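Step one of this worksheet: look at the structure below.
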Amino acid sequence: METRRVADILKNGQPEETVIIKGWVRTKRELKGFAFTEVNDGSSLAGLQVVLDNEIPDYDTIIKKVNTGASIEVAGKLVPSQGKGQKIELKANSVIIYGEADLETYPLQKKRHSFEFLRTISHLRSRTNTLGAVFRVRNACATAIHQFFQEKGFMWIHSPIITASDCEGAGELFTVTNLNLNNLPKNDAGEVDYSQDFFGKPAYLTVSGQLQAEVMAMAFQNVYTFGPTFRAENSNTSRHLAEFWMVEPEMAFCDLEGDQNLAEEFLKYIFKYVLETCPEDMEFFNKWINKTVLATADNIINNEFARITYTKAVELLEKADKKFEFPVEWGIDLQSEHERYLAEELFKKPVIVSNYPKEIKAFYMRLDEGEKTVSAMDVLAPNIGEIIGGSQREERLDVLERRIQETGMESDDLWWYLDLRRYGTVPHAGFGLGFERVVQFMTGMTNIRDVIPFPRTPLNAEF
RNA sequence: UCCUCGGUAGCUCAGCGGUAGAGCGGUCGGCUGUUAACCGAUUGGUCGUAGGUUCGAAUCCCACCCGGGGAGCCA
């Protein structure tokens with residue numbers, strides 16, 4: 001007989017003759033001669049209440065082993081519940097114990113734990129309500145991303161995880177090598193001789209798939225990457241990971257406005273999708289984690305994002321009735337406090353800021369008329385800050401070469417990137433989005449380490 | 001990396017120079033419909049690590065390690 005998922009049983013909500021479920025015991029309430037237990041199989045936030053009484057075979061031995069954390073299989077009858085907390089419950093006919101859990105050492109209790117503590121038991125924390133809900137939402141979010149792009153005819157492309165050049169210059173890189181670190185080959189100058197390394201030159205974990213996405217967009221028009229990205233930056237914040245997932249769409253024949261339109265449509269789509277597919281989990285976050293989660297989602301879905309230029313943003317900040325730690329003037333990079341003011345206090349919704357000074361942005365962003373600004377845009381979200389960063393790319397070979405020089409990049413490494421402008425260049429644009437930040441924003445979780453199953457941060461790679 | 005707060009029982013914390021505490025959890029007992037069940041009893045500690053001050057240090061000082069929050073960098 002087929003094993004049923006608890007989510008389906010609860011959704012159906014009807015009595016049934018015989019049902020089998022498999023899962024992990026969350027709680028047991030033992031009375032004289034019978035017991036209630038809640039079994040969770042990961043399919044939903046709510047578990048199924050199972051009633052065990054001394055008519056089942058081996059009741060006395062089984063009841064001692066049905067403890068929080070134990071894995072069991074229950075066969076029985078779905079009946080209307082006499083209690084108040086649930087519509088139906090499973091009256092067990094028989095129970096199989098797969099694996100016991102020693103209550104004296106099992107670290108998860110029937111009460112709330114701090115997220116800090118749960119991080120020290122990442123191999124078990126997914127069995128808690130909150131982390132369970134987070135990872136179901138994370139999955140829904142990933143599904144929504146693929147569905148959004150696939151529906152629009154974007155091709156999912158697989159950018160390399162190992163790259164041999166630090167093209168974007170974004171942050172510190174992790175080196176990839178198979179040289180013997182205890183006996184490094186040296187050249188005449190006493191430096192490490194990478195010609196003897198696996199790739200014959202230094203190699204790194206990717207910090208962005210953007211340049212490769214541009215390559216593929218020059219053949220397939222609309223593409224996106226969705227995969228892991230690495231930064232060896234020593235950042236200790238609630239918004240940074242050394243290993244995180246990034247989504248990077250790239251569109252040929254597209255300008256900055258089209259880029260902004262896609263970003264807005266994209267965020268609306270995934271919020272809508274998650275609300276529709278994980279209503280129970282979202283209610284949970286709204287109740288226990290952050291009471292503005294549902295209102296925020298509603299705000300995203302039903303309002304147009306504000307769109308202002310950097311120049312306008314600076315104007316607004318200069319006349320803001322608020323004292324900033326970092327003073328505002330045209331030319332500065334916007335600080336966290338400035339971004340927060342715009343998104344949280346002034347507009348109270350996501351704000352797209354565009355056309356930043358060229359000095360504070362990357363070399364590949366398209367130079368605007370007047371050559372003071374570039375066609376960049378950031379989507380700033382309340383409580384999270386920058387959630388999306390994108391731009392129209394510089395498609396003009398001469399301008400791009402000039403910008404590479406100005407920003408001190410090594411054009412020899414970029415020969416293939418420049419070739420895209422030599423052969424059939426087109427205006428194109430794209431953006432990057434930190435996947436975990438979207439999950440954070442959506443769930444209201446304050447620390448990014450709690451929205452990825454196995455967080456990688458400085459000094460932390462245990463699991 | 002910087003600023004700041006913290007590290008005491010399995011968990012969450014109180015104690016802040018003079019015998020190491022509470023709640024929860026665990027264990028045992030009670031209870032025929034529980035819902036983080038309830039009631040009673042009980043168990044549980046190198047006070048992050050190493051130095052120093054003191055008659056005496058969980059408590060004061062110093063260094064280091066680890067964690068939270070904020071900042072920088074960014075996604």
Side-chain angles (χ1 to χ4, degrees), chain A residues 26-38 46-55 64 67-69 79-86 89 91 101-121 128-129 168-172 206-210 225 228-248 288 325-326 333-340 360-362 378-381 384-390 431-441 446-452 457-460 462:
Chain A
R26 283 288 178 82
T27 70
K28 177 177 67 173
R29 294 176 288 275
E30 207 178 337
L31 290 91
K32 189 166 189 147
F34 70 111
F36 298 95
T37 173
E38 189 188 324
L48 184 63
Q49 172 156 286
V50 174
V51 185
L52 306 161
D53 64 30
N54 54 17
E55 285 165 27
K64 284 192 177 66
N67 286 324
T68 302
V79 298
S81 177
Q82 297 172 39
K84 282 196 178 131
Q86 57 285 315
E89 64 193 16
K91 187 172 183 318
D102 181 1
L103 288 176
E104 299 212 27
T105 56
Y106 187 64
L108 290 174
Q109 300 171 9
K110 292 182 278 191
K111 59 166 203 159
R112 276 182 98 163
H113 289 290
S114 67
F115 292 122
E116 293 81 19
F117 170 66
L118 291 175
R119 265 172 236 147
T120 68
I121 49 165
T128 64
N129 284 339
E168 205 189 348
E172 303 269 325
T206 185
V207 294
S208 164
Q210 185 200 309
T225 70
T229 312
F230 308 87
R231 305 275 164 93
E233 204 70 53
N234 187 16
S235 336
N236 295 290
T237 83
S238 56
R239 303 184 310 283
H240 291 84
L241 292 164
E243 176 181 311
F244 64 99
W245 283 58
M246 191 145 69
V247 181
E248 293 170 294
W288 297 105
E325 191 186 337
F326 295 90
D333 208 351
L334 297 182
Q335 302 290 316
S336 287
E337 56 173 344
H338 305 140
E339 298 182 347
R340 293 179 70 111
I360 58 172
K361 288 292 181 183
D378 286 349
V379 180
L380 312 178
I384 297 288
E386 187 186 331
I387 192 169
I388 284 179
F431 61 78
L433 156 125
F435 180 56
E436 282 76 17
R437 290 203 182 160
V438 174
V439 181
Q440 250 190 300
F441 189 31
T446 53
N447 196 308
I448 200 166
R449 296 162 198 205
D450 300 323
V451 298
I452 186 168
T457 52
L459 300 173
N460 198 332
E462 178 77 14

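Being a predicted model, the structure only gives us computed values, none of them experimental. Chain naming here is simple, since letters A, B, ... match the order of the sequence lines and numbering starts at 1 in each.
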Determine the Euclidean distance between corresponding [atom1] atoms of [M] and [N]; express it in Å to zero decimal places.
N     : M     : atom1 : result
B:C62 : B:G26 : C1'   : 40 Å
B:A9  : B:G48 : C1'   : 15 Å
B:C38 : B:U4  : P     : 43 Å
B:U46 : B:U8  : P     : 11 Å
B:G70 : B:U12 : C1'   : 24 Å
B:G44 : B:A20 : C1'   : 12 Å
B:G72 : B:A36 : C1'   : 41 Å
B:C60 : B:C47 : C1'   : 15 Å

Is the phosphate of [N] approached by [X] (side-chain N or O, under 4.0 Å from OP1 or OP2)?
X      : N     : result
A:S114 : B:U12 : yes
A:R449 : B:G67 : no
A:S235 : B:G72 : no
A:R119 : B:G68 : yes
A:K32  : B:C31 : yes

Presence of donor-acceptor pair under 3.5 Å, side chain of [X] and base of [N]:
X      : N     : answer
A:K110 : B:C24 : no
A:E89  : B:G33 : yes
A:E104 : B:U27 : no
A:R437 : B:C74 : yes
A:N236 : B:U1  : yes
A:Q86  : B:U34 : yes

Ring geometry between A:F34 and A:F36 (parallel below 30°, tilted from 30 to 60°, perpendicular above 60°): perpendicular

Mind checking if [X] touches a base, just sugar-phosphate, or nothing, with heavy atoms under 4.0 Å?
X      : result
A:L459 : sugar-phosphate
A:H240 : base
A:Q82  : base
A:Q335 : sugar-phosphate
A:G83  : base
A:F117 : sugar-phosphate
A:E325 : nothing
A:E386 : sugar-phosphate
A:S238 : sugar-phosphate
A:T237 : base

Could you please name the partner base of [N], counting Watson-Crick and G-U wobble pairs only when both distances are under 3.5 Å?
N     : value
B:U32 : none
B:A75 : none
B:U4  : B:G68
B:C47 : none
B:U53 : none
B:G23 : B:C11

Main-chain N/O of A:T37 paired to A:T27 side chain as donor or acceptor, under 3.5 Å: no

Non-hydrogen atoms of A:P458 and A:E233 that approach each other most closely: CG-O, 4.3 Å

Closest non-hydrogen atom pair between A:R437 and A:I387, with its separation: O-CD1, 4.2 Å

Comparing A:N460 and A:E436 on RNA chain B - which has the more 5′ nearest nucleotide: A:N460

Stacked pair A:F34-B:G33, distance under 5.5 Å, angle under 30°: no

Side chain of A:Q109 - closest among B:G68, B:G25, B:C73: B:G25

